[in-house]
Amino acid sequence: MYLELEQQLSRHVREFIKRQYELDLDRLVVDQPPNVGLGEFALPLSFELAKKLRKPPRKIAEEIVAGLGAVPGFEKFEVAGAGYINARVDRAAAARMLLKPSAMKAAPAKAEKILVEHTSINPNKAAHIGHLRNSILGDTFVRLLRSSGAHVDIQNYIDNTGVQVADVVVGVLYLEKKDKSFIEELIMNSTAAQPFDYYCWDLYARVSQWYEESKDNLKLRLQTLHDIEQGGNEAAAMGKLIATAVIRRHLETMQRLDIQYDFLPQESEILHLHFWDLAFEQMKQKGVLYFETEGKNKGCWVMKRAGTKPAEVTEEVPAGPDEDAKVIVRSNNTVTYVGKDIAYHLWKFGLLGKDFGYRKFYLYPDGHQVWISAESGDADHPHFGGVRAIYNVIDSRQADPQNNVIEAIRGLGYTEQAENYHHFSYEMVALTPRCAMDLGYNVSEEDQKRSYIEVSGRKGFGVKADDLLDSLIGAAQKEVDSRHPEMPESERRDTATQIAIGALRYFMLKFTKGTVIAFDLKDALSFEGETGPYAQYAIVRATNIFRKAGLSAEEILSGETDLRFLNEDPELWEIWLRAGQLSHIVRQCIATTEPAYAAKYAFQLAQQFNNFYHRHHILTETDEARKRFLLVTAAVVRRVLMQCLDLMGIAAPNVM
RNA sequence: GCACCCGUAGUUCAGUGGAUCAGAACGCUCGCCUCCGAAGCGAGAGGUCGCAGGUUCGAGUCCUGCCGGGUGCGCCA
């Protein structure tokens, strides 16, 4: 509702400014006044116009108000302060927009596809809290996009040929001194108590330690990596076995959080299907890549590094080799990671001229199918890639390589694609030294002085995703058990799970992307204050009112309601106004790739509702018209809050 | 050395194209369950928005410099 009114107002004001002053405003700032008593929207444009028109702001504001005329949905406009224009909406008309069942229904699906890539955990160990931030941000962003009508494919990129997987193979071969059948047995016997990815987590940490003991150990690593790349041997078979089993575990972990995928492209196929060869041809043809004949990169194919300018050429300093260039093909003819990534991204935009094979990989309980890349796939399969826009949810440390890929795509002349390539960048999750020690890790004296310590699979340093979830469910279960001893066990379990997921997802979303989350176990386990359960609880309270009254929260919205109360109590109107802002918030989240706004909004709306709940005792209200209005208010907030939580992948429990 | 991010209450963090912006949660102190569930509500204490300049009618927000913290910068993946 809020968004529509804002657009309506913006359009009318622009048209008026164009008519009256012959000025085209490329943007119009629409603020909110400090309190609703002054109106719902505030326009500071007079201040900007003051210079151009050489008139005092207040005078301009008066002219605009006088000449603007009637705007549908608005009651009146006033000049305030030194030149603000405050707009008051027709409250009853706005409220009716909110009562319509279509208030938040998505726009019709657009034909163009958008690709969101997230999670992308190396398939050699269990997922940890850092990965959770990635997956939750990515999944929430997908939900936001889909709610606004976008057709989104979700990809989880699998780097299954790197050293990380090789390291676990090395561990099995040289530390455990075991073979492929040992791995097969482990995978087969993987249980909730002894999950295979946990085994890998520990072994990976041991191997990393072991490498530091001797140079010979590092040689075995190189040999194993080479074997895996070659293929057709025991090490390669073991690597594939391990990676596939760990991927399956990751899918299971994420499934607990209601996170699903459509397609898992693997690096092994990018290599074996020779994606690079096609990209290489394109890049040579367009001159993005050139062969360096001198300097430190002699014998390599290189490209200009993103964000750099060519060195100045003067008579004294003749043009030399660009020592800062990014090497794409090494002098031994092997391609670097960025090179492979360029090829992969050309595929994403449908610019490579080649496709993966597709094979079924995993079926969710709800019937949704995950596909995985294959050299030769199933005959019947959906098609991925060839999208208009992409969002890569990758932490901020990958900014440089990401920019190099964008630079290459731009260099190839795909300007539009380069513009629609979004690195959805976020900061990492780190442990405070305090937290790390509480968790029982040995923290060196040097690390103790740091403000935070990076979570590291290599060091085995970090909180595993499944462990954290288990702790959260356990804590929630204790609360539920004590509050609802009469409920059946399975129902208590389900409720506790919903609360735990709500707490975890909200925790990862409430920080803005650019903030390093200094992980605090106590905060993460909290169900009070600015948390998911706080918002869930507001919904439960609303639900209880309707249960007690024997009414349906949805049905009550369709009847006749006296909306004059909106004009009597500004605090009641404020709740309605806030409830009407969801579509505005969604749009803002998408435009800025910042889901934290949705989290903040949900909390504020819940806070306002709890306040409302405390001030008005609805069921004992004697004035029937007023009682009905208060019930409708509760129903509206409940519906919007549920929609908002759903966008964040947080369920609304029936009781808690 | 270069590039990017961060610096706001005791703590963890919001503050979205400048104004009406000194905010929330946690923690602390004090109140509120005979009343739709207290995972809640209310009140209080607590901050020269890292420092110094600049732009402006106006700067937590923009620009420059400095200080402090973090990350990245290989023919590694």
Side-chain angles (χ1 to χ4, degrees), chain A residues 27-29 31-35 38 42 44 47-48 50 57 80-84 86 122 159 161-164 166 225 267 292 296-302 305-308 324 326-332 334-337 340 395-401 403 425 427-428 430 432 450-452 454 476 479-480 483 499 503 510-518 520 522-523 526-531 533-534 536-538 540-549 585 588-589 591-592 594 596-597 599-600 603-604 607 610-611 613-621 630-631 634 655-656:
Chain A
R27 66 188 159 90
L28 181 70
V29 179
D31 275 338
Q32 261 186 279
N35 65 73
L38 295 171
F47 298 101
E48 280 182 49
Y84 280 92
N86 289 339
N122 284 327
D159 181 359
T161 62
V163 281
Q164 285 91 349
L225 181 61
E267 180 161 275
E292 185 58 81
K296 64 170 186 172
N297 295 331
K298 184 175 174 184
C300 298
W301 287 89
V302 302
R305 192 179 291 271
T308 59
D324 202 33
K326 174 71 196 159
V327 172
I328 302 297
V329 180
R330 304 181 189 103
S331 53
N332 66 0
T334 55
V335 61
T336 60
Y337 188 79
K340 283 179 269 186
D395 76 67
S396 61
R397 288 173 289 192
Q398 300 291 329
D400 278 358
N403 286 334
S425 167
E427 278 288 349
M428 60 176 175
T432 59
R450 299 166 67 91
S451 37
Y452 19 69
E454 185 183 351
E479 297 288 329
V480 176
R483 282 157 216 250
I499 293 168
K510 74 177 191 178
F511 302 94
T512 52
K513 294 179 303 173
T515 302
V516 176
I517 297 183
D520 184 297
K522 209 169 122 261
D523 284 350
S526 169
F527 299 147
E528 286 164 23
E530 198 197 333
T531 65
Y534 177 94
Q536 289 174 315
Y537 186 61
V540 168
R541 282 176 134 185
T543 304
N544 280 343
I545 297 172
F546 293 99
R547 198 197 334 266
K548 264 286 195 313
I585 297 292
Q588 185 181 24
C589 288
T592 57
E594 180 53 275
Y597 294 127
K600 271 311 190 244
F603 176 65
Q604 286 167 350
Q607 208 172 26
N610 274 332
N611 191 278
Y613 180 90
H614 186 251
R615 281 190 310 129
H616 305 278
H617 199 270
I618 301 175
L619 295 183
T620 56
E621 174 62 53
L630 293 174
L631 280 167
V655 288
M656 62 187 280

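Throughout, a chain's letter reflects where its sequence line sits, starting with A, and its residues are numbered from 1.
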Give a yes/no on whether any side-chain N or O of [X] is located under 4.0 angstrom from OP1 or OP2 of [N].
X: A:R615; N: B:rC41; value: no
X: A:K600; N: B:rC13; value: no
X: A:R541; N: B:rA39; value: no

Quiz prompt | Reference residue A:N611; test side chain to side chain contact (heavy atoms under 4.5 Å, CB included); the match among A:R615, A:Q607, A:H614 | solution =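 With A:N611 as partner, A:R615, A:Q607, A:H614 yield a single side chain to side chain contact (heavy atoms under 4.5 Å, CB included), made by A:R615.
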Quick check: closest heavy atoms across [X] and [Y], and the distance to 0.1 Å?
X: A:E292; Y: A:N297; answer: CB-O, 3.5 Å
X: A:T592; Y: A:K513; answer: O-NZ, 3.6 Å
X: A:N403; Y: A:A306; answer: O-CB, 3.5 Å
X: A:K510; Y: A:A596; answer: O-CB, 4.3 Å
X: A:A549; Y: A:L619; answer: CB-CD2, 3.7 Å
X: A:A42; Y: A:Q32; answer: CB-C, 4.2 Å

Under-3.5 Å N/O pairs linking protein and nucleotides 69-71 of chain B:
| from | atom 1 | to | atom 2 | distance (Å) |
| --- | --- | --- | --- | --- |
| B:rG69 | O2' | A:S451 | OG | 3.1 |
| B:rU71 | OP1 | A:R450 | NH2 | 3.2 |

Atom pair distance, as rounded to whole Å: [atom1] in [X] and [atom2] in [N]:
X: A:D395; N: B:rC6; atom1: CG; atom2: C1'; answer: 15 Å
X: A:Q604; N: B:rA25; atom1: CD; atom2: P; answer: 11 Å
X: A:M656; N: B:rA38; atom1: CE; atom2: P; answer: 13 Å
X: A:D400; N: B:rC4; atom1: CG; atom2: P; answer: 10 Å
X: A:Y534; N: B:rG40; atom1: OH; atom2: P; answer: 7 Å
X: A:F511; N: B:rU11; atom1: CZ; atom2: C1'; answer: 12 Å
X: A:H616; N: B:rG40; atom1: NE2; atom2: C1'; answer: 16 Å
X: A:E48; N: B:rG17; atom1: CD; atom2: P; answer: 13 Å

Which nucleotide sits closest to the side chain of [X]: [options]?
X: A:Q607; options: B:rA39, B:rA25, B:rC75; answer: B:rA25
X: A:Y613; options: B:rA77, B:rG15, B:rC36; answer: B:rC36
X: A:Y537; options: B:rC13, B:rC36, B:rG40; answer: B:rG40
X: A:N297; options: B:rC36, B:rG40, B:rC75; answer: B:rC75
X: A:N544; options: B:rA19, B:rA39, B:rG37; answer: B:rG37
X: A:S331; options: B:rC75, B:rA19, B:rA38; answer: B:rC75
X: A:Y337; options: B:rA77, B:rA39, B:rC13; answer: B:rA77

Quiz item: Under the rule syn = chi within 90° of 0, otherwise anti, which is B:rC33?
Solution: syn
Expressed as a whole number of Å, how far does the [atom1] atom of [N] sit from that of [M]?
N: B:rA52; M: B:rG17; atom1: P; value: 26 Å
N: B:rA24; M: B:rA45; atom1: P; value: 12 Å
N: B:rG47; M: B:rG23; atom1: P; value: 14 Å
N: B:rA25; M: B:rA14; atom1: P; value: 16 Å
N: B:rG7; M: B:rG44; atom1: P; value: 29 Å
N: B:rC33; M: B:rG70; atom1: C1'; value: 47 Å
N: B:rC57; M: B:rG50; atom1: P; value: 25 Å
N: B:rC30; M: B:rG69; atom1: P; value: 40 Å

For [X], answer base if it contacts any base atom (sugar-phosphate contacts may also be present), sugar-phosphate if it contacts only those atoms, and nothing otherwise; contact means non-hydrogen atoms under 4.0 Å.
X: A:Y84; value: base
X: A:K510; value: nothing
X: A:K326; value: nothing
X: A:T592; value: nothing
X: A:L225; value: nothing
X: A:A518; value: sugar-phosphate
X: A:V480; value: base

Quiz item: Excluding sequence neighbours, so at least two apart, what forms side chain to side chain donor-acceptor pair (under 3.5 Å) with A:Q536?
Solution: none
Exercise. Report the residues that fulfil side chain to side chain donor-acceptor pair (under 3.5 Å) with A:E454, sequence neighbours left out, ordered by chain and then residue number.
Key: A:R397
Quiz item: Given A:N610 and A:Y534, is the side-chain hydrogen bond (donor to acceptor under 3.5 Å, both in side chains) satisfied, shown in steps?
Solution: CA-CA 9 Å; A:N610 274 332; A:Y534 177 94; 3.1 Å; yes
Quiz prompt | A:N610 (side chain) and B:rG40 (base): donor-acceptor pair under 3.5 Å | solution =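 In this structure, the two groups form no donor-acceptor pair.
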Polar atom pairs (N or O), protein with nucleotides 26-35 of chain B, under 3.5 Å:
| from | atom 1 | to | atom 2 | distance (Å) |
| --- | --- | --- | --- | --- |
| B:rC35 | O2' | A:H617 | NE2 | 2.9 |

[X] (side chain) donor-acceptor with [Y] (main chain) under 3.5 angstrom:
X: A:E427; Y: A:S396; answer: no
X: A:S331; Y: A:C300; answer: no
X: A:S526; Y: A:E528; answer: yes

Exercise. Apply side-chain hydrogen bond (donor to acceptor under 3.5 Å, both in side chains) to A:R541 and A:N544, showing your working.
Key: CA-CA 5 Å; A:R541 282 176 134 185; A:N544 280 343; over 6 Å; no
Quiz item: With A:F47, which residues qualify under ring-ring contact (aromatic ring centres under 6.0 Å, His included), at least two apart?
Solution: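 Result, ring-ring contact (aromatic ring centres under 6.0 Å, His included) vs A:F47: A:Y84.
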Quiz item: Want to settle it: does A:Y597 or A:I618 sit nearer the 5' end of RNA chain B, counting the closest nucleotide to each?
Solution: A:Y597
Self-check item: Residue whose closest nucleotide on RNA chain B lies nearer the 5' end, A:N611 versus A:D324
Solution: A:N611
Self-check item: Under the 3.5 Å Watson-Crick or G-U criterion, the dot-bracket string of RNA chain B, with | for inter-strand pairs
Solution: (((((((..((((.........)))).(((((.......))))).....(((((.......))))))))))))....
